[in-house]
Number of protein chains: 2
Amino acid sequence: MTHSQLRPPTMADVARLAGVSHQTVSRVLGDHPNVRDETRARVQRAIEEMGYRRNSSARALVTRRTRTLGVVASNTTLYGPASTLFALEEAARAEGYLVSTVSLRKLTVETLSEALDHLSEGGVEGVIAIAPQRSAVEALAELRRPFPVVAVGTGSGVEIPSVNVDQHLGARLVTGHLLAAGHRKVWHLAGPEDWQEAADRTVGWRATLEEAGVEPPMPLRGDWSPLSGYRAGQELAGWVGRGLTAVFVANDQMALGVLRALREAGVRTPQDVAVAGFDDIPESEFFAPPLTTVRQDFSTVGTRSIALLLDLIEGRTPSGTSQIAIEPQLVVRASTFPYHPQPGTAPG
Amino acid sequence: MTHSQLRPPTMADVARLAGVSHQTVSRVLGDHPNVRDETRARVQRAIEEMGYRRNSSARALVTRRTRTLGVVASNTTLYGPASTLFALEEAARAEGYLVSTVSLRKLTVETLSEALDHLSEGGVEGVIAIAPQRSAVEALAELRRPFPVVAVGTGSGVEIPSVNVDQHLGARLVTGHLLAAGHRKVWHLAGPEDWQEAADRTVGWRATLEEAGVEPPMPLRGDWSPLSGYRAGQELAGWVGRGLTAVFVANDQMALGVLRALREAGVRTPQDVAVAGFDDIPESEFFAPPLTTVRQDFSTVGTRSIALLLDLIEGRTPSGTSQIAIEPQLVVRASTFPYHPQPGTAPG
DNA sequence: GAGGTCATTGTGAGCGCTAACAATTCATGG
DNA sequence: CCATGAATTGTTAGCGCTCACAATGACCTC
């Protein structure tokens with residue numbers, strides 16, 4: 001940039017250089033059809049020469065559109081939230097929107113409220129809330145919000161428009177798979193009580209067992225972490241030989257802990273106990289043994305969420321309902337099946 | 001919100017309701033001291049009643065500050081980038097800035113250029129580029145940028161201001177640890193050629209061996225994925241019994257693949273071969289066996305990067321140099337040591 | 001009680017842009 | 001050759017806010 005002036009050039013500066021009015025510059029920038037080719041070229045040359053860029057604030061002020069969306073999330077270093085975040089940004093960018101993110105350590109009424117305020121100060125036109133904890137959803141419903149909000153991962157039983165992977169179905173797929181493989185009963189290590197997705201997975205597991213005429217055992221509970229899975233795994237190891245042959249773990253990270261605990265207890269997977277997870281994190285194919293799990297289509301979650309939010313922002317009637325469910329997919333690997341496929345050629 | 005008017009209320013509306021001038025409202029919002037308590041309260045009541053929020057565009061237009069920073073990153077679902085992103089946003093928010101992110105699938109001149117344009121249209125005051133590929137750094141250096149840019153993960157040999165974890169030191173810590181544990185030689189599975197961090201880790205490993213008077217073997221190369229680690233692990237297994245007793249793998253995910261390949265080849269870790277990784281992803285403590293690795297302090301990376309960028313934006317002379325290096329930390333676990341600590345009580 | 005100071009409040013301008021409208025140019029047909 | 005209308009360009013008025021400055025009034029000092 002050769003022109004290092006204190007103030008960046010304005011449209012009027014460009015207009016002066018090109019010998020036209022500022023409005024003509026605006027028209028060139030806005031791809032308005034009624035500009036003579038010769039004029040357009042002259043303006044473009046001036047823009048290039050001065051390194052001119054439109055002032056987004058001035059533009060936003062008069063158009064009343066910032067073309068910015070907000071996202072509130074927590075635990076963004078986990079695979080699920082990170083993937084959702086990525087998909088959201090990509091989908092928003094495809095629609096010409098910028099995404100501002102607020103990543104919280106904890107989702108509470110206070111932090112959520114501050115996050116929405118912060119995004120509001122930044123002028124977002126709408127917000128996606130990745131709010132898998134029930135408490136967060138309640139907080140969200142209560143907060144007064146000056147823009148539309150779409151929730152992701154809250155489950156479908158909320159009054160806020162939401163997009164979800166069908167956790168219930170995912171749990172049914174896993175549990176059904178284990179029953180079909182000949183297991184009489186399927187144990188369950190659930191996620192944190194406050195998480196809707198954890199609850200939905202538990203409900204799906206229980207329903208599948210009950211429909212098969214099996215009395216569901218008492219589920220254990222973890223906090224999604226490998227460590228909590230390890231502790232639960234030590235407990236589960238005590239039940240081997242007393243009817244325990246299969247465990248549905250509510251996420252892959254805890255499943256990793258369970259696998260380690262079983263291994264240390266001398267329990268073989270899958271010969272003695274089959275283990276299945278949920279999420280299909282990239283590592284799960286390389287666990288010992290490779291993990292059967294449920295894959296969620298985050299990319300679709302992203303595009304559907306953004307589409308729904310833009311409908312809301314632009315006052316369109318959302319196409320269809322405001323509660324969108326996305327089907328997950330079962331990925332069968334060695335942890336539930338006495339057969340070791342080569343990596344990269346595993347089913348799914 | 002009970003007041004569902006078409007136009008949101010303006011400062012003038014609030015002023016009218018409170019019986020003051022718009023300027024007084026502005027003063028109340030800006031915490032200006034010279035406002036009578038009684039007046040301040042009246043204005044605040046009016047703000048509350050109307051659900052008024054300052055228009056950020058109008059504000060930004062006149063102050064010439066959008067208080068928004070941009071971040072460009074790729075592979076944001078990986079632990080490292082995701083952690084950096086999280087730390088950056090948190091640090092920026094603490095300084096009152098909003099963060100807009102662009103997550104790329106691939107970093108090339110084109111995608112990087114588009115990303116910077118997109119952020120520029122959004123009015124960011126500066127950008128952090130998480131650009132670990134060398135090609136990206138070159139692209140970054142060439143692009144004309146209307147705002148300051150700070151690079152993260154590019155290594156220190158660039159003309160752009162940058163913040164980095166000292167990869168070289170990390171590699172030295174691991175390699176030195178393995179030598180100290182009695183291994184004669186340390187093999188190496190490197191990351192992708194184009195990544196500066198991968199190169200730095202390789203250089204650190206090689207230097208440590210050479211200083212110990214050991215001829216470094218030819219390093220293998222992977223692409224960070226567990227699968228590439230698995231393939232390399234199969235090759236490494238062939239060298240067991242021919243002098244291979246220790247491997248430094250350039251990241252934890254590949255180390256996971258190596259562990260699996262060794263296990264499948266009947267090689268025990270750490271009894272036959274010690275394996276160390278890099279990154280300390282949350283899962284690595286629960287690998288089979290728990291993985292010795294190098295922890296990077298992403299939180300510090302975040303705060304230092306933001307501080308540096310804000311210095312640049314606000315025209316302050318950056319405190320100290322513009323090339324910031326952060327020390328990593330060795331985390332020793334069972335994969336390099338014939339001792340199984342309980343999870344949660346492992347060193348580090 | 002005139003003059004000065006300070007705290008408090010109000011007034012006017014203008015940030016850089018787009019939208020609406022006005023003005024100009026140019027081609028075309030009777 | 002001028003009326004007609006379309007294409008092109010210019011002019012004006014804000015968008016909602018902050019900044020600089022002006023005005024008001026309370027309180028003090030001599």
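Below, chain A is the first sequence line, B the second, and so on; all start at residue 1.
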Peer 1: Between dT9(D) atom C1' and Asn34(A) atom CG, what is the distance in whole Å?
Peer 2: 10 Å
Peer 1: Between Leu140(A) and Glu159(A), is there a side-chain heavy-atom distance shorter than 4.5 Å?
Peer 2: no
Peer 1: Which parts of residues 55-66 of chain A get close to DNA chain C, meaning a heavy atom less than 4.0 angstrom away?
Peer 2: Asn55(A), Ala58(A), Arg59(A), Leu61(A), Val62(A), Thr63(A)
Peer 1: Does dC17(C) have its OP1 or OP2 closer than 4.0 Å to a side-chain nitrogen or oxygen of Arg54(A)?
Peer 2: no
Peer 1: Between dG10(D), dG16(D), dT8(D), which nucleotide gets closest to the side-chain atoms of Val20(A)?
Peer 2: dG10(D)
Peer 1: For Ser103(B), does its backbone N or O pair with a side-chain atom of Thr76(B) as donor and acceptor, under 3.5 Å?
Peer 2: no
Peer 1: Give the rounded distance in Å between these two atoms: CG of Asp37(A) and C1' of dA7(D).
Peer 2: 13 Å
Peer 1: Counting side-chain heavy atoms from CB outward, which of dT9(D), dT11(D), dA7(C) is closest to Gln23(A)?
Peer 2: dT11(D)
Peer 1: Distance only, no hydrogens: is a donor on one side chain within 3.5 Å (strictly under) of an acceptor on the other, for Glu121(A) and Ser56(B)?
Peer 2: no
Peer 1: Consider the side chain of Thr39(B), meaning its heavy atoms from C-beta on, and name the nucleotide among dA13(C), dT9(C), dG16(D) that approaches it most closely.
Peer 2: dT9(C)
Peer 1: Which pair of heavy atoms, one from Val152(A) and one from Asn164(A), lies closest together, and at what distance?
Peer 2: C-OD1, 4.3 Å
Peer 1: Closest approach of Glu48(B) and Arg144(A), non-hydrogen atoms and distance?
Peer 2: O-NH1, 3.7 Å
Peer 1: So if I take every side-chain heavy atom of Tyr52(A) and compare against dC17(C), dG12(C), dT8(D), which nucleotide ends up nearest?
Peer 2: dC17(C)
Peer 1: According to a strict under-4.0 Å criterion, is Thr10(B) in side-chain N/O contact with OP1 or OP2 of dG16(D)?
Peer 2: no
Peer 1: Contact class for Thr24(B) (heavy atom, under 4.0 Å): base, sugar-phosphate, or nothing?
Peer 2: sugar-phosphate
Peer 1: Between dC17(C), dT11(D), dC17(D), spot the one nearest the side chain of Met11(A), thanks.
Peer 2: dC17(C)
Peer 1: Test for a donor-acceptor pair under 3.5 Å between the base of dG10(C) and the side chain of Arg27(B), counting only N and O atoms.
Peer 2: yes
